[in-house]
Amino acid sequence: MDVTDALYSRYSTRAFKPDPVDRRIITKILEAATRAPSWANTQPWEIFAASGDVLNRLRVACLENFHNGVTGKSDLPRPQQWPPALQKRMEELAAERSKTAAGMGPDEKSARQAIFEANYRFFGAPVVIYLCMDRTLTPWSIFDIGMLAQSIMLAAQQHGIGSIPAVSLVSYPDLIRKELEIPDELSIIFGIALGYSDAQHLQNKFRSPRRPVQEVVRFKGF
Ligand SMILES: Cc1cc2nc3c(=O)[nH]c(=O)nc-3n(C[C@H](O)[C@H](O)[C@H](O)COP(=O)(O)O)c2cc1C
C-alpha cells in the first residue's frame, strides 16, 4: 500500500472486531511511526500500548464512570468554543453521523446513546495506544505528537489494521494513569484505538467529507 492509498483508505473505525492484534505487528507499526519528525529530534513521545486484561479492566472502569455520569477531564483541556466556521462543520458532521444512527436501532435516541457509549467501550478495540509527553513541554511538542499520531494510523492501515483517534479515550486520565502505571510527570495527550475493523458495521460505513483543496489552499507564485 502506498502512502496515498493509506491516506485515502483510512477512516475512523468506530466498531472493531474482538480479534487481538499480535504484539509484533503493533511493534512494527510503532517502529515505523516513530520515524515521525519532531522538534530537533526531541522525540517527546512516551507511548503506552494497552491490550488484553489490562485494557479490559480500563474499559470496564471507564464505562462505569460514563454510566455514573462522571464528567471526563482530559489532561489537555478541551476547547470551550470554536470559531463559527469550525462549529458549523462539527454540527454538519454530527447531523450526517446521526443519519447513520437512525439506521442502528429501535429509536434514534437509544441509537445515539449507543454511539456515545461506544466511545467509552473504546469502540470494542483490542488495543489502545496512549500518547504521552512530559507535562512541562509546550504546544510545539503536541505538534510532534500529532505527527506521530497520524503516522501510527497510516502505518496501521498498511497492516490492514483500522484506527480511531479519540479524545474520549483519554477522558478519564486518572484511571489510565493508575492502570498503566503512567508517571505523574507525564501528560496523557491522546489515545488511538487499533484493531481489525468490522467493515459490515453501520458505524464504519460513514465517510467524512473534506473541504475542497481549492478552498483550503492559497497558491502563490505558481
Ligand atoms: C483530536 C481528535 C479527537 C477526536 N475525538 C473523537 C472522539 O472522541 N470520538 C469519536 O468518535 N471520534 C473522534 N475523533 C475522530 C474525528 O471525528 C474524525 O477524525 C473526523 O470526523 C474525520 O473523520 P475520519 O477520521 O473518518 O476521516 C477525533 C479526532 C481527532 C483528530
Side-chain angles (χ1 to χ4, degrees), residues 1 3-16 33 36 45 47 58-59 62-63 65-66 70-83 85-101 104 111-125 127-133 139 141-158 161-173 175-176 187-199 201-213 216:
M1 179 180 284
V3 179
T4 305
D5 287 341
L7 283 164
Y8 278 96
S9 61
R10 184 210 61 80
Y11 62 92
S12 286
T13 297
R14 292 191 172 87
F16 291 89
W45 39 76
I47 305 173
L58 192 51
R59 200 184 321 258
C62 288
L63 265 174
N65 264 9
F66 171 73
V70 179
T71 309
K73 194 169 180 291
S74 47
D75 281 354
L76 204 61
R78 285 176 179 240
Q80 294 304 305
Q81 62 178 40
W82 298 84
L86 280 68
Q87 180 68 35
K88 185 164 170 273
R89 283 198 281 278
M90 268 195 293
E91 284 162 12
E92 283 166 359
L93 181 84
E96 278 305 310
R97 287 196 55 217
S98 66
K99 284 188 198 156
T100 311
M104 275 185 58
R112 273 195 207 199
Q113 175 69 7
I115 288 178
F116 200 33
E117 190 200 58
N119 279 270
Y120 298 93
R121 221 177 265 294
F122 312 158
F123 310 94
V127 177
V128 178
I129 306 289
Y130 298 93
L131 303 180
C132 307
M133 67 178 205
S141 300
I142 299 175
F143 186 74
D144 299 342
I145 298 281
M147 286 192 281
L148 172 66
Q150 170 75 329
S151 301
I152 290 173
M153 293 186 282
L154 295 182
Q157 195 67 6
Q158 200 201 334
I161 293 180
S163 59
I164 180 165
V167 64
S168 58
L169 296 168
V170 294
S171 286
Y172 300 120
L175 296 178
I176 303 168
S187 197
I188 302 171
I189 301 294
F190 201 46
I192 300 173
L194 295 176
Y196 297 100
S197 176
D198 177 354
H201 198 286
L202 261 182
Q203 279 280 60
N204 289 337
K205 303 274 188 202
F206 177 74
R207 294 292 178 276
S208 57
R210 291 295 185 274
R211 299 163 68 196
V213 79
V216 179

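Atoms within each ligand, like the ligands themselves, are counted from 1 in listed order.
- A distance-only check finds a donor-acceptor pair linking the side chain of Asn204 to the backbone of Asp198 [under 3.5 Å].
- Side chains of Gln157 and Ser9: a donor-acceptor N/O pair is present below 3.5 angstrom, by distance only.
- Sorted by chain then number, the residues whose non-hydrogen atoms approach ligand 1 to under 4.0 Å are Arg10, Tyr11, Ser12, Arg14, Leu93, Asn119, Phe123, Ile164, Pro165, Ala166, Val167, Ser168, Phe190, Ser208, Arg210.
- Ring-plane geometry between Phe116 and Phe66 is classed as perpendicular, the angle between the planes exceeding 60 degrees on a 0 to 90 degree scale with a lower cut at 30.
- Using a 3.5 Å distance cut-off with no hydrogens or angles, the side chains of Glu91 and Gln87 do pair a donor with an acceptor.
- Not counting sequence neighbours, Tyr11 has no partner by the ring-ring contact (aromatic ring centres under 6.0 Å, His included) test.
- A donor-acceptor pair is defined here as one N or O able to donate and one able to accept, closer than 3.5 Å; no such pair exists between the side chain of Arg14 and the backbone of His201.
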